[in-house]
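Read through the structure below, which is laid out as structure tokens, and then see the notes.
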Amino acid sequence: MDYAALAELLFPHIDKTPDYYETLYPARQLSPGAKVTRLGPSPTGFIHLGNLYVAFVNERLAHQSGGVFFLRIEDTDEKREVEGAVEVIISSLEYFDIRFDEGVTVNGEIGEYGPYYQRQRGSIYQCFAKELVKKGLAYPCFCSEEDLQAIRDKQEKAGENPGYYGAFAKCRNLDPDEIERNIQDGKPFVLRFRSNGDPSRSFQIVDAIRGPLTMPENFQDVVLLKQNGIPTYHFAHVVDDHLMRTTHVVRGEEWLSSLPIHVALFKALDWPLPIYCHTTVLMKMENGNKRKLSKRKDPELSLNYYRSQGYHPKAVREYLLTIINSNYEEWRLANPDSPMEEFELTIEKMSSSGTLFDLDKLNDVSKEVLVRIPDEELYDFMLSWAKAYRPELAPLFTEKKDLLLRILAIDRHGEKPRKDLVYCEQIFDYFSYFFDDYFQVEDDYPEEVDREDIKPILESYINSYNHGDDRNQWFEKIRVLAAELDYAAKPKDFKKNPELYKGHVGHVSTVIRIALMGRASSPDLWEIQQIMGEEQTLNRINKAIAAL
RNA sequence: GGCCCCAUGGUCAAGUGGUUAAGACAUCGCCCUUUCACGGCGGUAACCCGGGUUCGAGUCCCGGUGGGGUCACCA
């Protein structure tokens with residue numbers, strides 16, 4: 001039996017030719033330099049920061065070059081598929097402002113290069129599989145799991161490379177009659193690549209991030225089509241990215257070791273290679289060692305975590321940019337008010353060593369980002385966060401919009417704005433004392449103040465309180481009050497002669513601060529009182545006195 | 001274990017044969033200050049090791065070591 005006959009035997013139902021698909025998916029009409037990139041998540045229902053990193057790079061590369069960025073769902077593993085996962089992927093990416101031009105959307109697919117669900121591309125893969133069989137570059141393998149295990153055991157004992165190749169590849173040169181008999185018996189088979197690679201030979205390939213790489217040739221007869229006729233990642237990647245006219249394949253470093261397989265397949269099909277860009281993987285520190293982010297072990301790194309905590313998408317994007325391109329921070333310093341999209345990402349500047357995820361840095365970036373977001377916008381952001389993740393807070397936010405707006409404006413608009421807002425959960429906690437239902441006393445009165453002085457301080461304060469006082473009048477009264485109880489009216493006096501005083505006016509203010517908001521540190525007291533209003537202010541003080 | 005990738009302060013990293021080895025985060029100190037932040041000033045802290053090549057190596061080469069990735073009909 002010749003190869004053409006074998007191809008017919010294996011794929012009798014495939015009548016299209018490769019040319020048909022080449023014509024159906026013509027070269028894209030784009031301006032020179034435009035990059036076509038893609039994201040190919042598998043619908044396992046989990047997406048983390050590392051995935052966003054890759055998505056972001058792909059998106060920027062396409063869009064800053066006037067190219068195309070598409071979403072292809074790599075659902076070739078039915079077993080791992082999770083219901084609703086595609087929606088999670090799309091909505092997570094959308095939240096972080098990753099926009100696709102083409103591919104899968106919540107309302108179906110858009111674009112001329114589909115279908116974009118791999119499972120719907122069965123006959124396309126089979127067409128090219130058939131072509132490989134015709135060329136003698138693929139063959140059916142009838143080995144069972146047990147057969148494969150036996151091969152592995154044998155290899156392990158002999159100290160040979162594991163895998164299906166060379167002399168170990170039992171089905172590689174099966175008798176044509178036997179193949180025919182097996183097929184007629186309906187015996188299940190996988191389609192394997194007939195590799196002619198030699199592991200002792202190596203080849204060179206240029207990775208756009210890493211530069212020239214030397215890799216051994218692929219020698220494994222890898223599976224192209226599984227028993228169910230669905231391709232493996234390797235085959236799907238090669239066929240799809242060729243037919244979808246991808247120019248740059250940006251993917252995680254974990255794919256580097258299977259690159260020889262992909263190169264061999266492109267060669268077997270006589271197709272040009274895309275430009276490969278293997279990014280560094282995001283790592284996490286564990287027990288003093290770095291480790292790749294894992295979906296199972298690191299739920300706190302899932303995109304949903306950041307979303308539910310209320311991190312602003314811009315903050316996460318900006319953080320990612322700082323680790324994607326090392327010159328980004330420099331650019332940001334020089335262009336504090338420019339949208340980050342104006343920064344041009346360069347592949348060459350991307351790091352190739354494992355990057356540790358740094359929450360401190362994310363938080364710092366977030367502070368800088370939030371301080372530039374207008375109050376009204378920040379309010380809207382917090383409201384939509386509350387609706388999604390803290391529904392019990394949403395009515396409060398809606399009802400007290402004016403109050404929230406004043407709170408969010410505290411000290412954010414001067415020459416040196418406060419930068420203490422990081423993410424919604426934290427922001428709400430930070431200002432929770434404004435709301436009676438969430439107010440609680442968290443700190444003790446300062447130890448510099450005698451316990452028996454606390455009541456007189458608060459009583460004296462409330463007696464002289466005038467809500468109409470301006471900041472200076474108000475603080476002058478506290479100075480007087482402090483002095484009457486033998487506390488220094490000016491901290492410097494106390495520092496100079498600590499033996500002359502019980503403490504200083506700062507300690508006295510802290511007593512008031514704790515009575516008012518239950519904590520020893522906060523933005524300006526007077527301003528907070530003005531926002532709270534006279535009634536709530538006096539109430540808090542009175543309650544504190546009563547609690548003594 | 002085989003193969004591949006990677007290696008500058010605690011973290012992210014500039015650096016492409018000659019630099020007092022940038023900067024940011026974190027950390028510490030001081031100043032500002034009624035608290036906390038903000039801001040300002042300053043400090044601690046790094047080229048994994050060993051061989052080469054070179055007048056000269058963080059930078060190039062080789063060998064170790066360390067870390068990571070990968071070895072599926074998963075992606």
Side-chain angles (χ1 to χ4, degrees), chain A residues 40-44 74-77 79-80 118 141 143-145 148 152 156 159-164 188-192 199 202 207 210 213-216 220 222-228 230-234 236-237 251-260 278 280-281 283 285 289-292 319 322-323 326-330 332-333 349 351-365 367 371 410-412 414-420 430 443 446 475 478-479 482 489-492 504-514 519-526:
Chain A
S42 57
T44 56
E74 311 212 330
D75 55 356
T76 53
D77 186 5
K79 292 186 285 293
R80 292 202 312 163
Q118 289 184 326
C141 167
C143 286
S144 65
E145 238 173 88
L148 296 178
R152 252 193 301 273
E156 197 175 332
E160 304 264 9
N161 283 320
Y164 204 87
F189 68 90
V190 299
L191 193 77
R192 285 185 184 272
S202 54
D207 181 285
R210 289 153 193 272
L213 300 175
T214 303
M215 312 211 74
Q220 297 271 355
V222 292
V223 172
L224 265 20
L225 297 178
K226 307 184 231 180
Q227 270 186 13
N228 56 11
I230 297 175
T232 55
Y233 170 86
H234 308 301
H237 151 55
R251 51 151 56 160
E253 184 183 3
E254 66 268 25
W255 292 109
L256 215 44
S257 52
S258 43
L259 186 54
H278 289 92
T280 173
V281 290
M283 315 281 270
M285 192 62 93
N289 286 129
K290 287 181 177 182
R291 174 170 67 62
K292 179 183 160 190
Y319 167 68
T322 65
I323 57 178
S326 54
N327 51 329
Y328 177 75
E329 281 188 271
E330 201 177 306
R332 176 47 87 201
L333 247 29
K349 274 277 181 187
S351 163
S352 50
S353 55
T355 297
L356 210 52
F357 168 72
D358 185 350
L359 188 62
D360 283 330
K361 186 75 180 181
L362 201 213
N363 286 154
D364 180 71
V365 169
K367 288 177 185 176
V371 82
I410 294 172
D411 260 15
R412 294 213 317 143
E415 279 290 295
K416 296 170 192 165
R418 298 182 72 93
K419 296 173 183 171
D420 32 28
Y430 191 67
D443 292 327
F475 195 62
I478 296 182
R479 283 196 207 275
K490 292 181 177 170
K492 276 189 177 154
H504 64 74
V505 65
H507 302 130
V508 174
S509 320
T510 301
V511 172
I512 299 166
R513 192 181 307 276
I514 286 171
R519 31 187 109 169
S521 55
S522 80
D524 184 71
L525 241 180
W526 179 83

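The analysis underlying the following values was restricted to heavy atoms, covering all of them including side chains, and did not include hydrogens, waters or symmetry mates. Per chain, numbering begins at 1; letters A, B, ... match sequence-line order.
Here the separation of B:U19 from B:A72, taken at their P atoms, is 50 Å to the nearest Å. For the P atom pair drawn from B:U44 and B:C30, the interatomic distance equals 16 Å after rounding to whole Å. The separation of B:U53 from B:C60, taken at their C1' atoms, amounts to 8 Å, rounded to a whole angstrom. Taking the C1' atoms as reference points, B:G68 lies 26 Å from B:A21, given to the whole Å. A distance of about 10 Å separates the P atoms of B:U27 and B:C38, rounded to the whole Å. Separating the C1' atom of B:A57 from that of B:G50 is a span of 14 Å, rounded to the nearest Å. When the C1' atom is compared between B:A7 and B:C41, the two are found 35 Å apart, to the nearest whole Å. Atom name P, nucleotides B:G40 and B:A26: the rounded distance is 13 Å, in whole Å.
In this view, A:S509 satisfies the side chain to side chain donor-acceptor pair (under 3.5 Å) rule with no residue, not counting sequence neighbours. Contacts of A:E160 classified as side-chain contact (heavy atoms from CB on, under 4.5 Å), with partners at least two apart in sequence or in another chain: A:Q155, A:A158, A:Y165, A:F168. Taking A:T510 as the reference, A:P446, A:I514, A:A520 meet the side-chain contact (heavy atoms from CB on, under 4.5 Å) condition, with sequence neighbours excluded. Remark: A:Y319 pairs with A:F357 by the ring pair (Phe, Tyr, Trp, His ring centres under 6.0 Å) rule, at least two apart or across chains. Qualifying ring pair (Phe, Tyr, Trp, His ring centres under 6.0 Å) partners for A:F189, counting only residues two or more places apart in sequence or in other chains: A:F142. Here A:P199 pairs with A:F219 under the side-chain contact (heavy atoms from CB on, under 4.5 Å) rule; sequence neighbours left out. By the side-chain contact (heavy atoms from CB on, under 4.5 Å) test, A:K367 pairs with A:K419, A:V422, sequence neighbours left out. Among residues two or more places apart in sequence or in another chain, the salt bridge (Lys or Arg N to Asp or Glu O under 4.0 Å) test is passed with A:K226 by none.
As a whole-Å value, the separation of A:N228 CG from B:A72 P is 19 Å. Rounded to an integer number of Å, the gap from A:L148 CG to B:C71 C1' is 15 Å. Spacing between atom CD1 of A:I514 and atom P of B:C36 amounts to 12 Å, rounded to whole angstrom units. The nearest whole Å value for the distance from the CG atom in A:L224 to the P atom in B:A72 is 16 Å. We find that CD of A:E156 is positioned 12 Å from C1' of B:G2, with the value rounded to whole Å. Distance CD (A:E160) to P (B:C3): 14 Å, rounded to an integer number of Å. At whole-Å resolution of the value, CG in A:L362 and P in B:A26 are 12 Å apart. Between A:W255 atom CH2 and B:A72 atom P the separation is 13 Å, expressed in whole Å.
In this structure, A:Q227 reaches the bases: a heavy-atom distance under 4.0 Å links it to at least one base atom across the strands shown. Among the heavy atoms of the strands lying under 4.0 Å from A:V223 are primed sugar atoms or P, OP1, OP2 only; no base atom is included.
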Legend entry - Sugar-phosphate or base contact per nucleotide [nucleotides 29-34 of chain B; S, B, -; heavy atom under 4.0 Å]: ---SSB
Inset, instruction - List the protein contact pattern of nucleotides 5-12 of chain B with one symbol per nucleotide (5' to 3'): B for base contact, S for sugar-phosphate-only contact, - for none; contact means a heavy-atom distance under 4.0 Å. - result: SSS---SS
Inset, instruction - Mark up nucleotides 37-43 of chain B, 5' to 3', with B wherever a protein heavy atom is under 4.0 angstrom from a base atom, S wherever such an atom reaches only the sugar-phosphate, and - elsewhere. - result: BBS----
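Projected onto RNA chain B by closest heavy-atom contact, A:S521 and A:T280 fall at different nucleotides, the more 5' of which corresponds to A:T280. Nearest-nucleotide positions on RNA chain B place A:P523 closer to the 5' end than the other of A:E145 and A:P523.
Between A:P231 and A:T76, the shortest heavy-atom contact is O-CB, 3.4 Å. Closest of all the heavy-atom pairs between A:Q227 and A:V190 is N-CG1, 3.6 Å.
A:T232 places a side-chain N or O within 3.5 Å of a backbone atom of A:V223 that can act as its donor or acceptor partner. Side-chain N or O atoms of A:Q220 include one that pairs as donor or acceptor with a backbone N or O of A:P162 at under 3.5 Å. With A:H507 contributing its side chain and A:H504 its backbone, the two residues share a donor-acceptor pair below 3.5 Å. With hydrogens and angles disregarded, a donor-acceptor distance shorter than 3.5 Å links the side chain of A:R210 to the backbone of A:H278.
Secondary-structure stems of RNA chain B, taken as three or more successive Watson-Crick or G-U wobble pairs (i with j, i+1 with j-1) under a 3.5 Å distance threshold, comprise B:1-7 with B:65-71, B:10-12 with B:23-25, B:27-31 with B:39-43, B:48-52 with B:60-64.
Remark: A:S326 is in phosphate contact with B:A14, judged by side-chain N or O atoms under 4.0 Å from OP1 or OP2. One finds no side-chain N or O of A:K79 lying less than 4.0 angstrom from the OP1 or OP2 phosphate oxygen of B:A75. Contact annotation: A:T76 reaches the phosphate of B:A75 (side-chain N/O to OP1 or OP2, under 4.0 Å).
Using a 4.5 Å cut-off on side-chain heavy atoms (C-beta onward), A:V505 and A:F475 make contact. No side-chain heavy atom of A:Y233 sits under 4.5 Å from any side-chain heavy atom of A:S258.
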